[in-house]
Amino acid sequence: MGIKGLMPFLSDSAPSCVKETKMEAMTGRVIAIDASMCLYQFLVAVRQGASQSNLANEAGEVTSHIQGFLSRTVRLLECGIRPVYVFDGKPPELKRETLREREERKQEADGELAAAMESGDADAIKKASHRTVRATPQMNADVQELLRLLGVPVVLAPCEAEASCAALCKAGKVYATATEDMDALTFGTPKMLKNLFDTESSRTAQKRPVFELTLSRVLEQLDVSMATFIDFCILCGCDYCGTIRGIGPATAFKLLKLHGSLEAAVATIDANKLPPEEQWQISEARALFSSPPQVDPSQVDLKWTSPDVAGLKSFLIDRHSFNEGRVTKVVERLSACRAAGSQSRLESFFTAKAPKTLPASEKFNPFAKRAAGSPATKRAREIGGGSNTGKAKVQRKQLS
DNA sequence: ACTCTGAATCCAGACGTA
DNA sequence: TGATTCAGAGT
DNA sequence: TACGTCC
């Protein structure tokens, strides 16, 4: 979920916070990853056959998530990235309504799935089954065991994973948080990576680059404090409050600039357009974003160790019916990158990156008129890091 | 006229082989 | 669930 | 690159 419409808004209004990069550029870095989100994605994506069923072991237990985590993690390690997987804890009370709605939709999908199976409509089965996915405690335990065997650190967040990722990043324990969820920024992650796992797959031809977002640049170019940014995100719409019809990022930002505080901005809105009281706990949402329950980074000891080969084989082959030959290959890949695993980045000499201040002229003005005329203004994908020398690198091939 | 929101729609991993 | 596209409401 | 397979 995250913050409604935040990414397009930042691309347009604070382009200097977005930098294009590649996974290969992350070699030697420690990256925090929202494990619960990965788990969900693997369950949705790793499927097969007309019935779109998950992979399963001989006992009939789903193994899609194990397959997904295994191959992705090996890929990261081969790339010299040191991943830290952060698991969700107990969801905050404020999220209750969001979770209730989500569960409601899943139950609807359950019904649709049953109906589709009845009628044998393969297409409908496929669509409905993707919406009925639920991550079970057992699946979380499976993944944690796998990661332990791989020698990759696991962090159990007390509450939202994104909040603990942010804490680790603020403390300098990780370089960035890799997530698709924009509220990582709202939780205060200094750096986040978006699309890190996008594969250069063929079909869609839309190989999006990895985006590196820098929170300090967001605040600088939008010319707001962190507190105001949090208020802005709440007004845009987040998991913890309802949304206000007719208010999106652009309007939300103008209102905050005009009136200073969230309360003052909201006071100018027709009262019966606001969500009901119980879904509009502004100050509670604000508190959750600014000081959420999170791990204490000083208590977290991150270690990457050699894999427990025997344990890994037993877990994958005996317990989960993986093919022995394939597992052997995975183990070989792991030991191959182990040698390169301790490599650290050798770039600190060059990157004495001067924290160049953004010229006032480049600060976002929400009241300025848009540059008219340019026909390509529609979706200006200027994400070149704001450098004015940046030629618009338009390399999009539009066939047909 | 222009901009924005919100509903509708499509899609969702990673690997190896041919 | 997110990204993208389109229609229509709001300004 | 396109497509089938992983369990």
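Letters A, B, ... are given to chains in the order of the sequence lines, protein chains preceding strands, and every chain is numbered from 1.
- Distance check on atom P: C:dT5 versus B:dC11 gives 13 Å, rounded to whole Å.
- For A:Val46, taking side-chain heavy atoms from C-beta onward, the closest of the listed nucleotides B:dG13, D:dC7, B:dC4 is B:dG13.
- Residues A:Ser225 and A:Thr228 have side chains that bring a donor and an acceptor to within less than 3.5 angstrom of each other.
- From A:Ile230, atom CD1 reaches atom CD1 of A:Ile282 across 13.5 Å, with rounding to the nearest 0.5 Å.
- Of the residues in residues 56-74 of chain A, A:Gln67, A:Ser71, A:Arg72 come within less than 4.0 Å of DNA chain B through at least one heavy atom, sorted by number.
- Nucleotides C:dT4 and B:dA12 are separated by 14 Å at their C1' atoms, to the nearest Å.
- In this structure, A:Asp142 CG and A:Glu61 CD are separated by 7.5 Å, a value rounded to the nearest 0.5 Å.
- Without hydrogens or angle criteria, A:Thr27 side chain to A:Gly80 main chain gives no donor-acceptor distance under 3.5 Å.
- For A:Ala45, counting side-chain heavy atoms from C-beta on, the closest listed nucleotide (B:dT5, D:dC6, B:dG13) is B:dG13.
- Pairing partner, B:dC4: C:dG8, with both Watson-Crick or wobble hydrogen-bond distances short of 3.5 Å.
- The side chain of A:Lys4 sits closest to B:dG6 out of B:dA14, C:dG2, B:dG6.
- Which of D:dC6, B:dA7, B:dA14 sits closest to the side chain of A:Phe197 comes down to B:dA14.
- Nucleotides D:dC7 and B:dA18 place their C1' atoms 23 Å apart, quoted to the nearest Å.
- The only member of A:Ile81, A:Leu168, A:Val84 that meets side-chain contact (heavy atoms from CB on, under 4.5 Å) when paired with A:Val30 is A:Val84.
- Look at B:dA12: it lacks any Watson-Crick or wobble partner with both distances under 3.5 angstrom.
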